[in-house]
Amino acid sequence: MSKPRAPGFATLAAAAALACALAAPGAALAQTSYGVAMLSDYSGPYADVMPMLGRGREVVLDWWNAEVGAKLGVKLNHKNFDTRYDAAQTASLWPGIKSEMKPIAVLGLGGPDVAALSQRLPDDGIPLFMSTAGYGYAWKPDSWIINPRPTYTHEHAGAFKWLKSRRGGSQPLKVGIISSEASPAYVDIARGIERYAKDNPNEIQIVETIFTEVQPTDLSTQVRRLVRGGVEAISIQTNTAAVVATKRALQGLGAKVPVITSSHNGLPASGKAAGGLDQMEGDYEVYGMAIASDEDTPARRFYEKLKAGYKLAAPWNALTVMGMSQSLYTVRVIEHAIKKHGAQNLTGAKVRETLYAEPVTTEETFGMLPTLKFTKEAPFPIEGLKVNIATIKGGKYVTAATNVDTPAVKKW
Amino acid sequence: MDPAGVFAVRYAQDRALLRTRKQWLALAIFLAALALLPLVVGPRLIAVANIMLISAIVVVGLQICTGYAGQVNLGQAAFMGVGAYTAAVLAEKTGLSFLLTIPLSGVAAAGFGFVFGLSAARIKGFYLALTTIAAQFVFHFAVLNLPGSWLGGSNGATVPPATLFGYRIASDTSLYYLCLICTVIMVCGAFGIVRSRFGRAFVAVRDDDVAAGIMGINVVATKATAFLVGAFYAGVGGALWAYMLRFVAVDQFTLFNSVFFIAMIIVGGMGSVVGALIGVFVIRAIQELITTLGPELAASLPFLGGDIVFASMNVFLGGSIALFLIIEPKGLMHRWNIVKAGYRLWPFPY
Amino acid sequence: MLVLNNVEVMYSEVILALKGITLAVQPGTCVAILGGNGAGKSTTLKAVSGTIESEDGEVSGGSITFEGERIDGLDPAEVVRRGLVHVMEGRRVLRHLTAEQNLIVGGHLAPGAAELRRRLDRVFSFIPPLGGLRERTAGYLSGGEQQMLVIGRAMMAVPKIMLIDEPSLGLAPMMVQDVFALLARLKAEGTTLLVVEQNSRVALELADHGYVMENGRVVLEGTADELRRNEDVREFYLGMTAEGERKSYREVKHYRRRKRWLG
Amino acid sequence: MIIDFVNYAINGALLGLLYALIAMGFVVIYRASKVFNFAQGELVVLGGFLQWWMVVSMGLPMIVGIPLAFVLAGVVGLLIERIFFARLVGESVFAMVMVTIGLLVLLRGVVLVAFGPQVRPFPIVFPLQPLVIGELMIPTNLLWGGVLTVLAAIGLSWFFNRTRTGLTMTAVAEDHQVALSMGISVKRSIAFAWILGCVLSTLGAVVFLSGKSLNFLASEIGFAALPVALLAGLESIGGLLLAGVIVGVIQGLATAYLDPLVGGAVGSVLPFAIMLLILLVRPTGLFGWRTIERV
């Protein structure tokens, strides 16, 4: 016989225990300090990249506090919240984050954060700063979710345009897409490129979109179909496993078709998974952030400075750049807001207003990001979009092109 | 077992769930405590409570289907997804009130579950359990590949907040009361179902479906009903989920979530509604503790590195589920009953 | 020689199923244990073979010795190795295996493939009907065939003593005759038998010695002839009066009720 | 083109055989203990990581490292039985199946802690160059995988149906008590089944991952192999070959011809649809044991 009375006490006792455990953190905030919450994934699908991305984010905040904030009389407290890349976890953490940190900005990680918070942020008046490129589904006006990069589709469209101009001729560039239905975000990217091809038949022509698993078994027949169709580039924005499987298929076929990857499955990461950087000879990675190559750039110098002065332990790669750039443009926007509204009584809404009022220049982000001019039309800057392209040349990771213009992409 | 001196003198009394005035009092205090919770604890705990309440509805449904009727169901997350999408589409496109969309979502999910339950007419044992995995894949594929205007495809679907007489149920506290009321109704319903003719048929089919058939129970209909009921609960939970996040996407309802729902009934104890609630509470509490303690641990033990600390939490969670099965295969509810009986009998052994 | 000395068996640490059983089985003989449902006959066999463990039971008192060595508490596998094989109640063939595969499983302890083959041939020649069923799925055989098969399967272990639980259960009278004829030949060949049976008449035809159990105790023992002649046994297990007429059901029932008290 | 069609069918069939190899892990454990192991995919990942550890991380030559990984996988199987299942003898099959669900979560965590979430390169065990016969192009790893699968199926079929040890394992699955009464050690049988299951998963990992990359997400193959196991029937090892080929060919052709039409991954759900349909006609798969009810 079950008696509901029993668990009542158990529940209450355990709830009390939980409450004690949860209530522990959260020291009183100094008057000129504000919270910046960081949504992280240390135990979910992106646990492999999180340590680098996370360190990049944290160290930039430390640097800003010490060198910029100190002069302005503002300190930004930051704290990681592990969401496991799970919308339910983000949703349950969010009210606590709000009351504990009273954040004026949140650093997000990916789709689940967007899913859990997109409808709530306007009510809460807190902007969510992402490091990833944008998605079609988030392309809505008056957003509280901000991407420093255009959509993944924009980024690859820029690469296609660049490749076409290098090839010359007026025929459209023949492109193959390898995607997966494992995540709706992957599907979204593929749909975006398909839409772009439909609107710009002179630019690119899609030979085929291939959907595969997150860990593809063998892609040789599919890739052969692409090669037969005369593809000049294969766009892969899913994961490194798909890049490796595609490379193996291409190697097996003896075909030399460049693969274009993105920041989260870029050349160094894919090369590592394929057994060496030389495996990726002639392939590209494309995104709207600085390239973490060996060349001496302002971004590189900034990284070296943080490494020397602020114990930045993460290696110089795209993921660290992702974390650093995310923090950088966020603190710059906050900095603008402080200069405009004063150090006191800053709110998330004020930070967001400043974002639209004043662009974040590329100098301010040490060239990590292009100059960002946000408008309320989209969650990402839709004007003056630039991407950078890296490649492997002679086994070395080098920048192939910087400040490549991206074409206009229609909303899909 | 009853306290000494309490005897059932009428059939109704023997069937009653609550037999003493103390028990009624305890239940009343418990419900009152739940109702007053938002006044006492912070918003973080209220958000945790919301997720617990929604999980509780889904898991109580799973308990009826798996714990009572013995039908292993690995499609519960998909059924929940069907409910969430139904609520999203109805609320967004028809503007129906949540008072209607929530039960309708349950009905839609129940329909989907019933289809899989019907295959019980032919398929038995593990084969039946494993076909429910197909529900997961069918759901995922269908949402992504149906025309985007239907369910939003890869874009997901946004959900307007539930409103009652012009009041927006969007804050965590108001959502808490919505979830709490729904959970109380659904849990009462569950007690009703398991004590009814259906509940007895479920147990009979679970224990021996051949014998149950000989006793005149329609085994196929019973199994299909079990799936129907379980999926209805999942659908209601899904609808609440939709109103809580106000954005649904297909990757919120994965096979791994279904696995976790099963883990909850394992930990709480098979074949007990209260056990399901305990399982939800324990597992969600462990998860939340991990999420809360993880960053602290990582900060205080930097030599371990954050990634190790967080990954160990998965080991801890999986290990505790496996341990429960080894040490307490009948679940926490069973242990509680033993303790309770011991308390009543003390100092006598029996 | 198998000796049970004052054996007690407890299930789930609460239910005392055997309350001190003492019996002995001489080599080369057949001993029958008779009694009604729930008397503890099957439990006795399970206690000897050690399979009681898997039902959460244990020998909680007394001792079981075989050829002078204690075997209670041993692993069932070890008991089989020492030459005791238990044929369980209800013809538990391995339903999805063929008859021959069932036999091979029974002979899994045979040293070497040649020995296994030899044992197979012996079983097939000893129980000729099985020869024609080699490739048939055991689950689809008739009740009598299944009973022959499980006895054959036990023979594959070449036991010194075979414990057989209710070989006549659910079989047609003709089949019961066949099965007991087979057991008689087995006994003649030198295998010791300990048979549990409710069908006392056939059991006592085969047995040399018998025990009657009630409520976890032995209430009567004697040679088969003695038991056959015993008034009580005739009345209540063979269902006859001294005059050789069947008693009415009512009278038997009445006695049963009275008998409980004895146990 | 007809030659393409043939090529898709052949490659699909080979892929199906890989699924069959993975599914063999399910079947071996099921056949010996009636336990359906939901953690099979995690075992594949674990087997893969053990090989990565030996060959890539420790730098052992493949000829040493891979066999060593197989031995370690066997040890893991033994440990799983000792820690979890040895204590559950006598509990219901349902409880044991539930343990495998706990195991799924647990093993994922163990892999994360022991090997990290990083994407790792997997050793190139089979040559990357595909076999080209005229217009036909066959991936070498799948070809070898197919051969290994057929060999393993023949070997295991023989083992389970002809050898004494194999038959005693079946006896254990059918009836613990009868097995005990005949002197069969139930625990040893179940331990052996888990060892075999782990070793087979490791073999599956070689074929699946050779020359590719590996992280914990590779466990999805466990569920992809499920339709093959159910289609064959959970007891039939030989049947896996046919079921694998059926599922693989249909999936291969669907991926080639239907996916582009629909614009989605039809190939990945179709096996489940076929499985449902066939189970409705034959409730215990193509070759599974029909239930022989005893009332």
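Quick caveat, the model's predicted, so the values are computed rather than measured.
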Handout entry: Working for side chain to side chain contact (heavy atoms under 4.5 Å, CB included), residues D/I124 and A/R248
Key = CA-CA 10 Å; D/I124 302 170; A/R248 292 298 185 228; 4.1 Å; yes
*Around D/I3, counting heavy atoms of other residues, nucleotides and ligands shown, do more than 12 lie under 6.0 Å from its CD1?*
yes
Taken to the nearest 0.5 Å, the spacing of A/D218 CG from D/L18 CG works out to 10.0 Å
Distance col, row A/R225:CZ vs D/Y8:OH, nearest 0.5 angstrom, shows 4.0 Å
CG (D/L142) and OG1 (A/T217) are apart, to the nearest 0.5 Å, by 7.0 Å
| Is it true that atom OH of D/Y257 has more than 12 heavy atoms of other residues, nucleotides or ligands lying nearer than 6.0 Å? | yes
Scored by heavy-atom pairs under 4.5 Å with chain A, the best of D/A256, D/S219, D/P260, D/S268 is D/A256
- prompt: More than 12 heavy atoms of other residues, nucleotides or ligands under 6.0 Å from NZ of A/K198: is that the case?
  reply: no
Closest non-hydrogen contact found for A/Q215 with D/L214 is OE1-CA, 4.1 Å
Closest non-hydrogen contact found for D/K212 with A/A245 is CD-CB, 4.1 Å
From the list A/A274, A/A273, A/G252, the residue making the most non-hydrogen contacts under 4.5 Å with chain D is A/A273
When rounded to the nearest 0.5 Å, the distance separating CD of D/Q129 from CD of A/Q251 is 9.0 Å
Interatomic distance, CG@D/N141 vs OG@A/S220, rounded to 0.5 Å, equals 8.0 Å
### Query
Does D/W144 CH2 have over 12 foreign heavy atoms under 6.0 Å away?
no
When every non-hydrogen atom of A/T221 is compared with those of D/M137, the smallest separation belongs to N-CE, 4.4 Å
Of the listed D/D259, D/N215, D/N7, the one with the largest count of heavy-atom pairs under 4.5 Å with chain A is D/N7
Against chain A, residues from residues 203-211 of chain D with at least one heavy atom under 4.5 Å, in numeric order, are D/F208, D/L209, D/G211
Whatever's closer than 4.5 Å to a heavy atom in chain D on A/T209 counts as neither
Given A/M50, A/R224, A/Q222, the one with more heavy-atom pairs under 4.5 angstrom with chain D than any other is A/R224
